[in-house]
**Q** 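I'd like to ask some things about the structure below.
Heavy-atom basis, side chains included; hydrogens, waters and symmetry copies ignored. By convention in this document, chain letters (A, B, ...) are assigned in the order of the sequence lines, proteins followed by strands, and residues within each chain are numbered from 1. This one's a predicted model, so the numbers in the text were calculated from it and none came from an experiment.
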Amino acid sequence: MFGNEFWVELLKYFDKIIAPAIFSTIRMVTATMIIASILGFGLAILLTLYGPQGLRPREKIYKVLDFIVNSIRSFPALILIVAISPITRMVVGTTIGEKAAILPLTLAATPFIARLIEGSFKEVDKQLIEAARSFGASDMQIIFRVMVKESIPSLISITTLTAITYLAASTMAGAVGAGGLGAVALNYGYQSFNNTILYTSVFILFIMVQIIQGIGTWLYKKIV
Amino acid sequence: MIQIKGLTKSFGNSQVLKGVDINIPPGMIYGLVGRSGAGKSTLLRCINGLETYEEGNLLVEGVEVKSLSGKAARELRKEIGMIFQQFSLLTRLSVYENIALPLKCWKYSNSYIDNKVKELLEMIGIPDKIHAKPKELSGGQKQRVAIARALAMNPKILLCDEATSALDPKTAKSITSLLNQINQDLGITIVVVTHQMSVLRSVCEEIAILENGKLAVSGPVEEIFLKQPQALKNLIGQKDLVLLQEGINIKILLSHEISCQPVITRMARELSIDFMILGGEMESYQKHTLGSIIINIPGEHFNKVKEYFIKNHVMWEIVQSNEQSSAEVDDHCLAMNFG
């Protein structure tokens, strides 16, 4: 398989097809991660504030947020991309290409991140929160100065996990019109019976996951 | 300083506080004791508004705690420091950052924070641990840091929730003497919740015993330990006394006036009678040493001994072995008069 033919083939396609697809995937995942992390963090704060064991419990608000989070999370990323295509068309102007994929991917990743961050905030020792209350810290100070501070290692793990999950989701998005490595692997590789492109794409994805996990693990070790 | 009147509090259907009245004057070290679930920690949390209460009043410096919310409640908590059994230090922050945390929340300037933290570290006696993480500290050192953090806002009141319960006796003692020192140097009112009798004895001036959400007994610690009311006996359990069936068993209470006098031998010489000593104990309290001695005298000397006790202002009571009815005990017991 790795004969002369393979390398000739690879060189032929790499510059024109694979390399742009790598950058396209990186852009999609990065944009998704940045927007979804900000929104997810905000949503996690609301869930932490208003949750039943939260800092200022509000049952109704929490139930609404909880319902929205669960609803979005019940769609697999691929279905979500298809399902919200009318909205995507309205917002982005098109339903194909990497820009069109960022919207549904972000929408899917936001509640995912929010739930994970909410979970790690819940893990923070209740006594620390009580102690912070006892010297007069406000709810926001408790979140930022105590909960966030104490859960930084798990926030790093969450970011690593989400990045890898949505790297995978972005390749699936390739099946329904998004660009990137997923689209290349499917369209130029699988459907064109071109194993060189298919397996090169797979290999590059494998390397990308290794790099993300490597950075995540390194940061975690550095910080703990 | 802290006035509590008819305080009630429920968690769901179970009432944990059923009308508690306590008055804590400024500058005092006050102990709240009781068995697990008696409501003592809940009561403590009502003082700084971490818990709310349904009925009754709780006034801190004349302000009803329940009426405060939002910023006003936070301003009140600023005046009330609190320490906990598990120290509650942020694991990812250094000692310095932990102590500075309340000051940062209240937006003090960095130079003020720096001075204050160093001053507090000096006071708690571990200035060399300034950049250590809590996991590098021993239990006692962690509690010292927690105390420094609680004092960072210059509070008027310090609440201690089982602050020494997770520590070994020697370390616990060093923490209680630190609390004593803080009380004396800074004049801070301290409220201590504990189940360790040694802590009560060594720091508290007055104590209140809670039983099932009610105040069973309150008063000066020496008086309560000397008189041993039923509530205290329920709490510490009754010691199995070796009592003799013949003769009369008498417990002599050694109050602080007579604990340093040789009462027993003097009585033996003056009355020229013999008796047996069945047991005794001495405990040192915040200011005094108190204790009790149980003796057994022959029945015919009872009146002589009684007169001697009355003449010399010695507090005493007859101790019955468990088989005899307790009603009898009440008849024989004399009212005790404190000097």
**Q** Could you look at A:Val124 and say if it's the side chain, the backbone, both or neither that has a heavy atom under 4.5 Å from chain B?
**A** neither
**Q** How many angstroms lie between atom CG of B:Leu93 and atom CZ of A:Arg145, to the nearest 0.5 angstrom?
**A** 10.0 Å
**Q** Is a side-chain N or O of B:Arg77 found less than 3.5 angstrom from the main chain of A:Gly136, in a donor-acceptor match?
**A** no
**Q** Looking only at heavy atoms, what is the nearest atom pair of A:Val146 and B:Leu90, with distance?
**A** CA-CD2, 3.9 Å
**Q** Tell me whether the count of non-hydrogen atoms from other residues, nucleotides or ligands lying under 6.0 Å of NZ in B:Lys66 goes above 12.
**A** yes
**Q** Heavy atoms only: give me the nearest A:Ala131-B:Arg149 pair and the separation to one decimal.
**A** CB-NH2, 3.5 Å
**Q** Does any heavy atom of chain B fall under 4.5 Å from the side chain of A:Ile129, the backbone, both, or neither of them?
**A** neither
**Q** Tell me, for B:Lys104 versus chain A, whether the close heavy atoms (under 4.5 Å) come from the side chain, the backbone, both or neither.
**A** both
**Q** Would you indicate whether A:Ile164, at its atom CD1, is surrounded by more than 12 heavy atoms from other residues, nucleotides or ligands within a distance under 6.0 Å?
**A** yes
**Q** Does any backbone or side-chain atom of B:Leu76 lie under 4.5 Å from a heavy atom of chain A? Answer side chain, backbone, both or neither.
**A** neither
**Q** Working to the nearest 0.5 angstrom, can you tell me the gap between A:Ser134 OG and B:Leu158 CG?
**A** 9.5 Å
**Q** Does CZ belonging to A:Phe23 count more than 12 external heavy atoms closer than 6.0 Å?
**A** no
**Q** Heavy-atom pairs under 4.5 Å with chain A: which of B:Asn48, B:Ile83, B:Leu89 has the most?
**A** B:Leu89
**Q** For A:Lys126, look at atom NZ and say whether over 12 heavy atoms of other residues, nucleotides or ligands are found less than 6.0 Å away.
**A** yes
**Q** Counting only heavy atoms closer than 4.5 Å, note whether B:Leu50 contacts chain A via side chain, backbone, both or neither.
**A** side chain
**Q** Under a 4.5 Å heavy-atom cut-off, does chain B meet the side chain of A:Glu150, its backbone, both or neither?
**A** both
**Q** Do A:Ile223 and B:Arg92 have side chains that get closer than 4.5 Å, going by heavy atoms?
**A** yes
**Q** Any side-chain donor paired with an acceptor under 3.5 Å for B:Ser88 and A:Glu130?
**A** no
**Q** Given that the side chain runs from C-beta out, which part of B:Lys135 has a heavy atom under 4.5 Å from chain A: side chain, backbone, both or neither?
**A** neither
**Q** Is it true that atom CD of B:Glu75 has more than 12 heavy atoms of other residues, nucleotides or ligands lying nearer than 6.0 Å?
**A** yes
**Q** Would B:Glu97 and A:Lys149 count as a side chain to side chain contact (heavy atoms under 4.5 Å, CB included) here? Give the steps.
**A** CA-CA 12 Å; B:Glu97 291 166 311; A:Lys149 264 269 153 65; 5.8 Å; no
**Q** Of the listed residues (B:Ile80, B:Asp161, B:Leu101, B:Leu159), which shares the most heavy-atom pairs with chain A below a 4.5 Å separation?
**A** B:Leu101
**Q** Checking B:Lys78 against A:Phe135 for the side chain to side chain contact (heavy atoms under 4.5 Å, CB included) test, could you report, in this order, the C-alpha distance in whole Å, the side-chain angles of both residues, the deciding distance, and whether it holds?
**A** CA-CA 5 Å; B:Lys78 199 171 133 183; A:Phe135 53 69; over 6 Å; no
**Q** Of all of B:Gln85, B:Arg45, B:Lys71, which one pairs up most often with chain A through heavy atoms under 4.5 Å apart?
**A** B:Arg45
**Q** Just wondering, more than 12 heavy atoms not from B:Tyr112 lying within 6.0 Å of its OH?
**A** yes
**Q** Are more than 12 heavy atoms, taken from residues, nucleotides or ligands other than A:Phe75, located less than 6.0 Å from that residue's CZ atom?
**A** no
**Q** Please round to the nearest 0.5 Å and tell me the distance separating atom CZ of B:Phe84 and atom CG of A:Leu128.
**A** 9.0 Å
